[in-house]
Peer 1: 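Here you go, one structure.
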Amino acid sequence: MNVFGLEIGAHSIKIAQIEKQWRGHSVKKLLYAPLAAGIGGPLASMGFDPGEDAVAVIYPQNLLSCRALELPFADRKRIEEVLPFELESLTVFDAGQLVCGFSDSPAPDGKTRVLAVMTPKEELAKFLGGLAEAGIDPDYVIPLPFALAESTGHVSASGGGTALVDAGMEFTTIVIMESGKPVFVHTAEPAADAAVAREDDKDGRKEFAKTVACSVYLAAEAARRKAVTQKVAGALVCGEPGADAKFVQWLGEDLGMPSGRVNLPDSAATAQVEGLKAGSSAGPVFAGALGAALLAVKGGGMKEINLRKNEFRKKRGFTGGRRHVLVAMALAGVLAVSMLAAYIAEGISLSAKYDGLKGQVRAEFQKAMPEVTNIVSEISQLKGALDAMEKQAGALGSAVGERDPFLERFYGITSSAPEGARLDLDEFVYEWGHISLTGRTESFDKVEAFRKNIEKLGWVRKAVVDSVKAAIAPGTVEFRMTIETAR
C-alpha cells in the first residue's frame, strides 16, 4: 500500500509517495509539477491505485483559523468534545458550523496546551468538491501547520522554540514549535511579487527575506505573550524559497538567530525526485506533502487532526469495483452468519456447544479479514473462512433450518442497479427480516429505478427509500433504503 501526500499551491503541486511496509515505511518518490498539469495525471504517473492507495491532502492555511488555548484537563476525547464550543466565542460562527482539529501538549498545573485549527464546514465542502471534480477523493485532509510540524522530525532549537517558516508567494505561514510540538501559528501576507522567483534579482530576494523576518518577529512576540514559548531561538525554512540557500542565509541575518532549512528525513534520502531543476533542495519544497504522508502512514493522532470527520468522513464504497464487491461479500457473509447465530440464540437456550461456536465465528472473522492485502490472491482464503463457518454453524443441527440465502440476496441487490448507472454502496446491513442500504448514485431517478428493480426480486416484500439528498460531489446523490424480506 502507498500513501500519497499532496500539496496544491497556486501555481504548482507537490506529491510525496510513501510505501507502507510491514515494519515501517519507505519514501519512494517525490514529484513537483505545474498546476496546469492537473492532479490526476501526475498521480497516475506515480502508479496511484485508487482501490489500494490512500491520499493525504493538505488543507491550505488561507482557509484556516488557528488559536492557542489552555484547557484545565488532559483527556483528548473531552478536548475534542468541548473544542468547538471554546472556539465559538472566538469566531463569528456557531459551533455546529465549524470543523476543528488540534494538537495538544502538557502545560503546568495539570493543564493542557492546545493548538486548535478550524474552518467553516462550507469551505471544507467546497474544497472537497473541487478535488472531486479533479477526480480525487482524499482519505485524509491535513491542516498545513500539522504537516509542516511532522516534516521536521520534531526538532527544537537549543534554548527555546523553533519557527518553521513556509514562505510562499501568496502568504507566509509561521509555526512555532516547542518541545517538538506545534504550539502557535501566524499567517502573514508579505506582498511578495514575481521578483521572489527570479534568481537574478538579488535585491528583490533580500527584500523578501526582510519581509518574512518581520513576520517571524511578530509570530515570536505573539507566542511569547501567549506563554506558549519563552523565546524563539532558531528558524527552519520550508516551501520553495527554502530551496534557495541565500534566502535562508539572509533570513537568519535579519533575525539574528540560527536559521536553516528543513531536510528530508533519512528514509527519504534515496527517494526519486522529479520536476525540480538540478541543484534544488527537495527538503523544504516537499516539507508539507511529505509531512502529510508521514502523518497518514504513522496514524498517531490522526483522529484529532484529520478534517475528514463526522459528515465529511470518507465513505468506503463496496461496489465501486470487483475488489470492493468481493471484500463486501466476505464482510457481509461473516455478518450474516453472526446475525443468524444471534437470532437463534434468542429462541433457544444457550448451550456450551453454542458458546464455543460463537467464539469460533468471531475467531474466523479476526483471522480472515486482517490478512487480506491482495484480494485477487486471497479469494480462496475468504471463501475457505466462510465455508468453515457454515460447517461450524451446522453444529447447531435442526435449529438452523435451511441454509441462509444471503449470497443469493446480495447478488440480487447488486444486479438490480439501473443499466448504465454508477452505484456505490457504503453500508450493506443484513438482518433477519430486512436489509438496510446506504449508498450513492447519479440522480434521484436512478435511486427510484434501483428501488423498483429490487421490489421485482421474488424474495422482497417491500423496498422503501428512507432518505435521499444531494452529495458533496457534483452530480451525485446519497440515499438510504430499507428492504423487507419475505421469510
Side-chain angles (χ1 to χ4, degrees), residues 1-9 13-21 24-31 39-40 42-43 46-61 63-64 66 76 80 83 98-104 115-119 121 123-152 154 166 173 175 182 185 238 265 268 286-317 320 426 472-473:
M1 173 187 175
N2 292 290
V3 176
F4 291 83
L6 179 62
E7 182 176 10
I8 306 171
I13 59 172
K14 299 104 175 175
I15 306 174
Q17 178 185 0
I18 297 181
E19 182 180 31
K20 192 172 184 178
Q21 300 170 338
H25 60 272
S26 174
V27 181
K28 306 298 288 186
K29 195 172 184 180
L30 304 169
L31 186 145
I39 303 173
L43 270 176
M46 300 175 76
F48 173 66
D49 181 351
E52 292 285 350
D53 301 328
V55 174
V57 65
I58 284 182
Y59 195 69
Q61 185 63 27
L63 299 180
L64 284 171
C66 304
R76 282 187 150 197
E80 187 173 23
L83 190 58
L98 297 172
V99 181
C100 308
F102 70 91
S103 174
D104 62 305
L115 174 62
V117 300
M118 55 187 163
T119 188
K121 289 182 177 180
E123 290 294 339
L124 180 56
K126 290 179 181 178
F127 179 75
L128 291 173
L131 291 175
E133 290 180 357
I136 305 298
D137 188 16
D139 301 82
Y140 310 98
V141 176
I142 310 296
L144 177 63
F146 300 140
L148 295 179
E150 183 65 28
S151 71
T152 66
H154 303 303
D166 184 11
T173 301
V175 181
V185 178
C238 315
F286 289 96
L290 188 59
L294 286 170
L295 283 169
V297 166
K298 295 177 181 178
M302 285 299 294
K303 181 176 180 292
E304 289 80 17
I305 65 176
N306 184 17
L307 297 183
R308 292 215 74 169
K309 59 184 71 176
N310 302 325
E311 66 262 45
F312 295 100
R313 179 175 58 89
K314 182 175 180 179
K315 298 177 179 178
R316 309 291 177 177
D426 301 316
I472 294 175

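Every heavy atom of this structure was used, including side-chain atoms; hydrogens, water molecules and symmetry mates were not.
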Peer 1: Keeping N310 on the side-chain end and F312 on the backbone end, is there a donor-acceptor pair under 3.5 Å?
Peer 2: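 It does not hold such a pair.
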Peer 1: Would you check if L124 and L63 make a side-chain contact, meaning some heavy-atom pair closer than 4.5 Å?
Peer 2: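 A side-chain contact is absent here, since even the closest heavy-atom pair is not under 4.5 Å.
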Peer 1: Quick one, L128 and R308 - any side-chain contact, counting heavy atoms below 4.5 Å?
Peer 2: yes
Peer 1: As an exercise, state the distance from CD1 of I8 to CD1 of I39, rounded to the nearest 0.5 Å.
Peer 2: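 Going from the CD1 atom of I8 to the CD1 atom of I39 covers 3.5 Å.
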Peer 1: For V185 and V117, run side chain to side chain contact (heavy atoms under 4.5 Å, CB included): C-alpha distance rounded to whole Å, both residues' side-chain angles, the deciding distance at 0.1 Å, then the answer.
Peer 2: CA-CA 9 Å; V185 178; V117 300; 5.7 Å; no
Peer 1: Could you state the interatomic distance from CD (Q17) to NZ (K28), rounded to the nearest 0.5 Å?
Peer 2: 8.0 Å
Peer 1: Answer yes or no: is there a side-chain heavy-atom contact under 4.5 Å between P50 and V55?
Peer 2: no
Peer 1: Might you point out which heavy atoms bring P138 and L131 nearest each other, and give the distance in Å?
Peer 2: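 The answer is CG-CD1, 3.7 Å.
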Peer 1: Within the structure provided, determine whether V3 and H25 are in side-chain contact (heavy-atom separation under 4.5 Å).
Peer 2: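 The answer is no, as the side chains (C-beta and beyond) never meet within the 4.5 Å cut-off.
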Peer 1: Look up atom CG in L98 and atom NZ in K121, then write down how far apart they are to the nearest 0.5 Å.
Peer 2: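 Atom-to-atom, L98:CG and K121:NZ are 8.0 Å apart.
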Peer 1: Any idea which heavy atoms bring D139 and A54 closest together, and the distance?
Peer 2: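 Distance-wise, the nearest heavy atoms are OD1-CA, 3.2 Å.
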Peer 1: Measuring from atom CG of L295 to atom CD of E150, what distance do you get when rounded to the nearest 0.5 angstrom?
Peer 2: 4.0 Å
Peer 1: Check for a donor-acceptor pair, side chain of K14 on one end and backbone N or O of G288 on the other, with a separation under 3.5 Å.
Peer 2: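 Pair absent, no side-chain N/O of K14 close to backbone of G288.
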Peer 1: Report yes if some heavy atom in the side chain of V99 is under 4.5 Å from a heavy atom in the side chain of V141; otherwise report no.
Peer 2: no
Peer 1: Below 4.5 Å, heavy atoms only, C-beta onward: do S151 and L294 meet side chain to side chain?
Peer 2: no
Peer 1: Please walk me through it: do E123 and Y59 pass side chain to side chain contact (heavy atoms under 4.5 Å, CB included)?
Peer 2: CA-CA 10 Å; E123 290 294 339; Y59 195 69; 3.6 Å; yes
Peer 1: To the nearest 0.5 angstrom, please state how far the CZ atom of F4 sits from the CG atom of D53.
Peer 2: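 Reported to 0.5 Å precision, the distance equals 5.0 Å.
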Peer 1: Report yes if the side chains of E7 and L144 come closer than 4.5 Å at any heavy-atom pair, otherwise no.
Peer 2: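 They are in contact (side-chain heavy atoms under 4.5 Å apart), so the answer is yes.
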Peer 1: Restricting to non-hydrogen atoms, name the atom on A292 and the atom on A56 that form the minimum distance, rounded to 0.1 Å.
Peer 2: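 It is O-CB, 3.6 Å.
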Peer 1: What's the verdict on side chain to side chain contact (heavy atoms under 4.5 Å, CB included) for M302 and I142, showing C-alpha distance, side-chain angles and the deciding distance?
Peer 2: CA-CA 9 Å; M302 285 299 294; I142 310 296; 3.4 Å; yes
Peer 1: When you look at NZ of K309, are more than 12 heavy atoms from neighbouring residues, nucleotides or ligands closer to it than 6.0 Å?
Peer 2: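 Yes, enclosed.
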Peer 1: Of the non-hydrogen atoms in I58 and F127, which two are nearest, and what is the gap between them?
Peer 2: O-CZ, 3.6 Å
Peer 1: First locate atom CD of E304, then atom CG of L83, and finally report the distance between them rounded to the nearest 0.5 Å.
Peer 2: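 If I round to the nearest 0.5 Å, the distance is 11.0 Å.
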Peer 1: Does the side chain of L43 come within less than 4.5 Å of I136's, by heavy atoms?
Peer 2: yes
Peer 1: Minimum heavy-atom separation for A287 to C238, with atom names?
Peer 2: CB-CB, 4.1 Å
Peer 1: On a heavy-atom basis, which atom in P42 and which in I15 lie closest, and how many Å separate them?
Peer 2: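 Minimum heavy-atom separation between P42 and I15: CB-CD1, 3.9 Å.
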